[in-house]
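Report on the following structure.
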Amino acid sequence: MTQGLTLLGATGSIGASTLDVVARHPDRYSVFALTAHRAVDGLLALCLRHAPRYAVLSGLPEDQAVRRRFADAGCRAELLFGVQALEQVSVDRNCAVVMAAIVGAAGLAPSLAAARSGKRLLLANKEALVMAGPLFMRTVREHGAMLLPIDSEHNAVFQCMPPPAAKAPPSAVRRIVLTASGGPFRATPLERLPQVTPEEACAHPNWVMGRKISVDSATMMNKGLEVIEAHWLFGVAPERIEVLIHSQSIVHSLVEFADGSVIAQLSNPDMRVPIAHALGFPDRIESGATPLDLAAIGQLSFARPDAQRFPCLGLAYAALREGGTAPAVLNAANEVAVAAFLEGKLRYTAIPQVIEQALQSAAGVRGDDLEAVLDADRSARRTAADCVAMLMGKAA
Ligand code: NAD
Ligand code: MG
């Protein structure tokens, strides 16, 4: 019997890698549902290739013309419109596995719904965990869901950790070290950073990804979000989570144990590796990635990140230490600032300024229930938008 897979964010970069792996294992998985926000053509093409039971366009209202287009093209999937459909296909009893690969805060509700219905949940959508870490982990525990990290660093840490049966105490882990490529601007002269363009920011040296995470990688907010993500996933204190620049992106992360042993996971930088790991777990299945040839790579290098070049990393640690809804504020302000940068409205170096302003303006709310998180998200978006408008006014 195959397992039904719901793929939230099917038209994105993680979506494509997931479908590539799934197509290699028709004996294990069948595609139950594919979702996209508004990418009608992209979703139709995927439906014709993978024949899901449901296709969801979550960012569009009911549209008869789109329905006809799908039918005329020979698509037999049932087409659903609107945001509610994301939860519907995530909790359906015919879906066993949910891949959460929507970008940003929009992924929180359907990921939580999947956790609440006890699914095997493959989490790429790090923003969900950053916003609502305690609530998310509690929901997973209470409803017997299985959470498997897709972010390459967290998937690496998961692989390095002792299996649950080994019953190692939390004190056995001394340190988690998350590696970071340093992005496209790791050696750009600091005085040129105010002028860098969205195209330069999205030209990542090692990974091809969606535009939002590409900018996050350039500012290293991506690593900041990942520090928060690692804290919730593995229950390790912020001061025991470190970041190391490793420009080749071969060592995906490391775990140091009490006895001084350090265990790392290595592979070529290809998201199909963590995706295949999580799909197959505890089995190992073919991912399609090129085998690692260390002799051809020759050398691996490591360095500490430069706080002046990457202020977003410090902001993320500060939000994690503050706790409560501060990480949700950090995430919301970052989403607004990055979108403004991608639209050419905000300078690259103003991204951390907007986030810092939002963190300072936010009232320190301790609550971690969904309502408090969503309130913090909404008001941080307003503060960040005002800050963007103010900076645009100054620049004009
Ligand atoms: P992407 O931009 O390529 O794709 C995003 C997907 O989400 C698309 O299918 C899009 O239709 C959908 N979407 C966008 N906005 C939406 C909304 N408001 N509501 C519903 N659906 C929406 O992004 P990506 O690079 O595939 O990243 C997806 C997630 O995975 C992000 O959270 C990212 O941080 C994480 N991630 C990505 C990579 C990578 O290599 N791309 C690596 C690690 C983690
Ligand atoms: Mg990552």
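Both ligands and their constituent atoms are indexed starting at 1 by order of listing.
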List of N/O pairs, ligand 1 versus protein, all under 3.5 Å?
from: ligand 1; atom 1: 3 (O); to: Ser13; atom 2: N; distance (Å): 2.9
from: ligand 1; atom 1: 9 (O); to: Gly9; atom 2: O; distance (Å): 3.3
from: ligand 1; atom 1: 9 (O); to: Thr11; atom 2: N; distance (Å): 3.2
from: ligand 1; atom 1: 9 (O); to: Thr11; atom 2: OG1; distance (Å): 2.7
from: ligand 1; atom 1: 9 (O); to: Gly12; atom 2: N; distance (Å): 3.2
from: ligand 1; atom 1: 11 (O); to: Thr11; atom 2: OG1; distance (Å): 3.2
from: ligand 1; atom 1: 11 (O); to: His37; atom 2: N; distance (Å): 3.0
from: ligand 1; atom 1: 19 (N); to: His37; atom 2: ND1; distance (Å): 3.1
from: ligand 1; atom 1: 25 (O); to: Gly210; atom 2: N; distance (Å): 2.8
from: ligand 1; atom 1: 26 (O); to: Ser13; atom 2: N; distance (Å): 3.1
from: ligand 1; atom 1: 26 (O); to: Ile14; atom 2: N; distance (Å): 2.9
from: ligand 1; atom 1: 30 (O); to: Ala124; atom 2: O; distance (Å): 3.4
from: ligand 1; atom 1: 32 (O); to: Glu127; atom 2: OE1; distance (Å): 2.7
from: ligand 1; atom 1: 41 (N); to: Ser13; atom 2: OG; distance (Å): 3.2

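- Its N, O or S atom nearest to the Mg ion (ligand 2) is what matters here, and for Asp151 that atom is OD1.
- Summarising the geometry of Pro274 relative to Ile150, their closest heavy-atom pair is CB-O, 3.5 Å, with the distance given to 0.1 Å.
- The minimum distance between the Mg ion (ligand 2) and any N, O or S atom of Glu153 involves atom OE1.
- No hydrogens or angles considered: a donor-acceptor pair under 3.5 Å links the side chains of Glu229 and His154.
- Ion pairing between a basic and an acidic side chain is recognised when a charged N comes within 4.0 Å of a carboxylate O; Arg67 and Asp63 show no such pairing.
- Its N, O or S atom nearest to the Mg ion (ligand 2) is what matters here, and for Glu226 that atom is OE2.
- Under a 4.0 Å N-O distance rule, the pair Arg192/Glu200 qualifies as a salt bridge.
- Val103 places none of its side-chain heavy atoms less than 4.5 Å from the side chain of Arg211.
- The cluster map of Ile, Leu, Val, Met, Phe, Trp and Tyr, joined by side-chain heavy atoms under 4.5 Å apart, puts Val66 and Val89 in the same cluster.
- No side-chain donor from either of Asp306 and Gln308 sits under 3.5 Å from a side-chain acceptor of the other.
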